[in-house]
Amino acid sequence: MSSSRTGRPPVQRASRRPSVARPSRENPVQRLYTRARKAWDRPLTAYYLILGGSLLITVLGLVMVYSASQITALQMSLPGSFFFRKQFLAAVIGTVLLLIASRMPVKLHRALAYPILAGAVFLMALVQVPGIGMSVNGNQNWISLGGSFQIQPSEFGKLALVLWAADLLARKQDKKLLTQWKHMLVPLVPVAFLLLGLIMLGGDMGTAIILTAILFGLLWLAGAPTRLFVGVLSVAAFIGFVLIKTSPNRMARLACIGATEPKSGAADCWQAVHGIYALASGGIFGSGLGASVEKWGQLPEAHTDFIFAVTGEELGLAGTLSVLALFAALGYAGIRVAGRTEDPFVRYAAGGVTTWITAQAVINIGAVLGLLPIAGVPLPLFSYGGSALLPTMFAVGLLIAFARDDPAARAALSMRQPRFGRKRAGGAVPARGPRRWNTMRRRAPSARSSGER
């Protein structure tokens with residue numbers, strides 16, 4: 001061993017460690033975007049968005065119905081909470097329907113398609129029978145159930161069309177028949193026109209527009225060629241033009257688009273203009289819950305078709321943007337469910353429900369903003385009306401069931417563990433102990449006692 005002049009062993013220098021490249025500091029905005037994108041890509045994102053978004057819209061709608069309907073109830077010599085109690089009862093029943101629909105298997109949903117369609121057609125035809133059907137605001141689309149309770153069968157026609165058409169298109173796709181235009185149109189378009197005819201007999205063009213949007217959404221999902229799509233759209237547009245041109249009331253509503261004065265020529269745009277007044281007076285954060293001025297007799301249908309205007313007046317721009325964000329999240333989740341599934345029935349049904357809710361929200365909000373004619377359709381899950389709330393909540397339950405049925409979502413749900421340890425095989429819940437003991441027990445589930453062989 002060599003030594004130095006002093007007799008001491010030479011000092012060996014430690015080898016330098018290879019320099020490790022330091023991770024570059026990520027921009028906070030980019031970091032936030034990365035985290036948000038990871039959250040969006042999780043398997044249960046659509047499930048939580050549909051469940052949470054629909055419940056938030058329903059709860060906020062109950063609050064706004066109570067606020068917007070008090071003056072109307074008092075003017076009718078009714079208790080101030082009259083409309084709120086009816087809407088709350090409908091929300092409770094709708095929640096039960098949502099839970100039932102969310103737990104039903106897909107096969108049972110498909111089995112219910114034909115009975116629901118037959119029941120909807122029967123009730124919509126029953127509306128036109130004298131002595132049974134009743135007229136509300138000029139539309140013969142209601143059946144009285146006794147007392148103050150009424151039902152609008154055309155609202156259930158939307159759900160019937162979605163389920164029946166999804167089952168029909170799925171069966172034809174399995175048989176590879178959708179490549180022929182005859183099988184794509186028949187019997188889907190004739191049945192849809194039957195429902196539209198029964199609705200238009202009562203004069204409710206708003207619901208007919210929603211049903212037409214559902215039909216075109218289903219045809220688009222089925223891959224209808226452009227010429228076929230444009231042909232059906234042209235026929236529907238021509239029929240709509242004739243119906244609008246032959247009705248002075250509908251022509252007056254069309255003339256109120258963008259109106260800023262109650263009298264726009266020969267048309268009376270009182271409701272449209274006062275809806276704009278309500279939105280304009282709300283400001284950023286609104287005048288406060290319950291402090292609306294327009295609901296004191298100035299704004300007709302403040303708790304039904306124009307509840308979005310009262311929301312803008314009392315909760316301001318922040319409240320209206322929150323409602324829009326909730327509907328956007330619900331629509332995105334529905335599109336995600338329809339786009340990620342391999343089951344054709346789930347794809348058509350989820351796409352139909354998403355088209356239904358999104359189109360109805362756009363038409364209602366567009367009318368309140370003065371961008372579209374007033375069609376007389378409620379804001380889904382938000383406006384007053386049990387006939388509209390019940391089928392819509394059942395449809396939301398469909399979306400929840402489809403989101404849970406996704407393979408990745410099922411795997412994520414099965415991997416979730418109870419917060420306080422697992423249950424034993426016999427069903428008995430173990431006594432609570434320290435968190436560390438539970439962790440060790442999971443690591444060594446087959447540990448034996450010292451005296452056991």
Side-chain angles (χ1 to χ4, degrees), residues 16-61 98 102 217 220-221 284-286 311-312 315-344 346-359 361-362 365 380-382 395-422 435-436 438-439 442-443:
R16 294 183 179 180
R17 296 182 179 178
S19 59
V20 180
R22 295 182 179 180
S24 59
R25 294 184 178 180
E26 194 176 8
N27 189 6
V29 178
Q30 187 176 1
R31 189 186 308 119
L32 181 62
Y33 172 76
T34 304
R35 291 181 179 178
R37 188 164 184 174
K38 289 181 179 179
W40 284 111
D41 290 337
R42 291 177 181 174
L44 293 176
T45 297
Y47 170 73
Y48 288 129
L49 281 179
I50 296 170
L51 180 61
S54 59
L55 291 181
L56 286 175
I57 293 173
T58 305
V59 171
L60 183 58
L98 184 148
S102 64
W220 183 78
L221 288 172
I284 302 297
F285 298 105
T311 304
L315 302 183
L317 181 64
T320 55
L321 290 180
S322 300
V323 175
L324 290 175
L326 289 174
F327 275 109
L330 190 59
Y332 166 81
I335 294 173
R336 175 170 171 166
V337 171
R340 295 195 174 190
T341 182
E342 298 294 336
D343 190 341
V346 173
R347 179 169 65 255
Y348 294 131
V353 171
T354 305
T355 304
W356 163 15
I357 296 177
T358 305
V362 169
I365 296 174
L381 302 172
F382 201 85
V396 172
L398 283 177
L399 290 179
I400 294 175
F402 298 155
R404 290 173 56 93
D405 195 58
D406 182 76
R410 282 204 308 264
L413 288 172
S414 63
M415 290 177 63
R416 293 193 308 180
Q417 300 294 339
R419 182 172 297 181
F420 297 103
R422 296 180 180 176
R435 185 70 177 177
R436 185 177 181 84
N438 285 336
T439 305
R442 287 198 296 269
R443 290 179 183 175

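Basis for what follows: all heavy atoms, side chains included, without hydrogens, waters or symmetry-related copies.
When all heavy atoms of T311 and T320 are compared, the closest pair comes out as C-CG2, 4.3 Å. Here the closest heavy-atom approach between residue P380 and residue I57 is recorded as O-CG2, 3.9 Å.
Side chains of V396 and L381 form a contact here, defined as non-hydrogen atoms less than 4.5 Å apart.
Applying the side chain to side chain contact (heavy atoms under 4.5 Å, CB included) criterion to Y48, with sequence neighbours excluded, gives L44, R416. Take L56 and apply the side chain to side chain contact (heavy atoms under 4.5 Å, CB included) test, not counting sequence neighbours, and it matches L326. Taking L321 as the reference, L317, L324 meet the side chain to side chain contact (heavy atoms under 4.5 Å, CB included) condition, with sequence neighbours excluded. Every residue was checked against the salt bridge (Lys or Arg N to Asp or Glu O under 4.0 Å) condition with D343, not counting sequence neighbours, and none meets it. Scanning for side chain to side chain contact (heavy atoms under 4.5 Å, CB included) contacts around T45 gives W40, R42, L49, R336, with sequence neighbours left out.
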Table please: side-chain donor-acceptor pairs of residues 400-409 below 3.5 Å, with sequence neighbours left out.
residue, atom, partner, partner atom, Å
D405, OD1, R410, NH1, 3.3
D406, OD2, A408, N, 3.1
D406, OD2, A409, N, 3.3

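Note that the CG atom of L32 and the CG atom of N27 stand 10.0 Å from one another [nearest 0.5 Å].
The backbone N or O of V337 sits nowhere less than 3.5 Å from a side-chain atom of T341 that would complete a donor-acceptor pair. A distance-only check finds a donor-acceptor pair linking the side chain of S54 to the backbone of L51 [under 3.5 Å].
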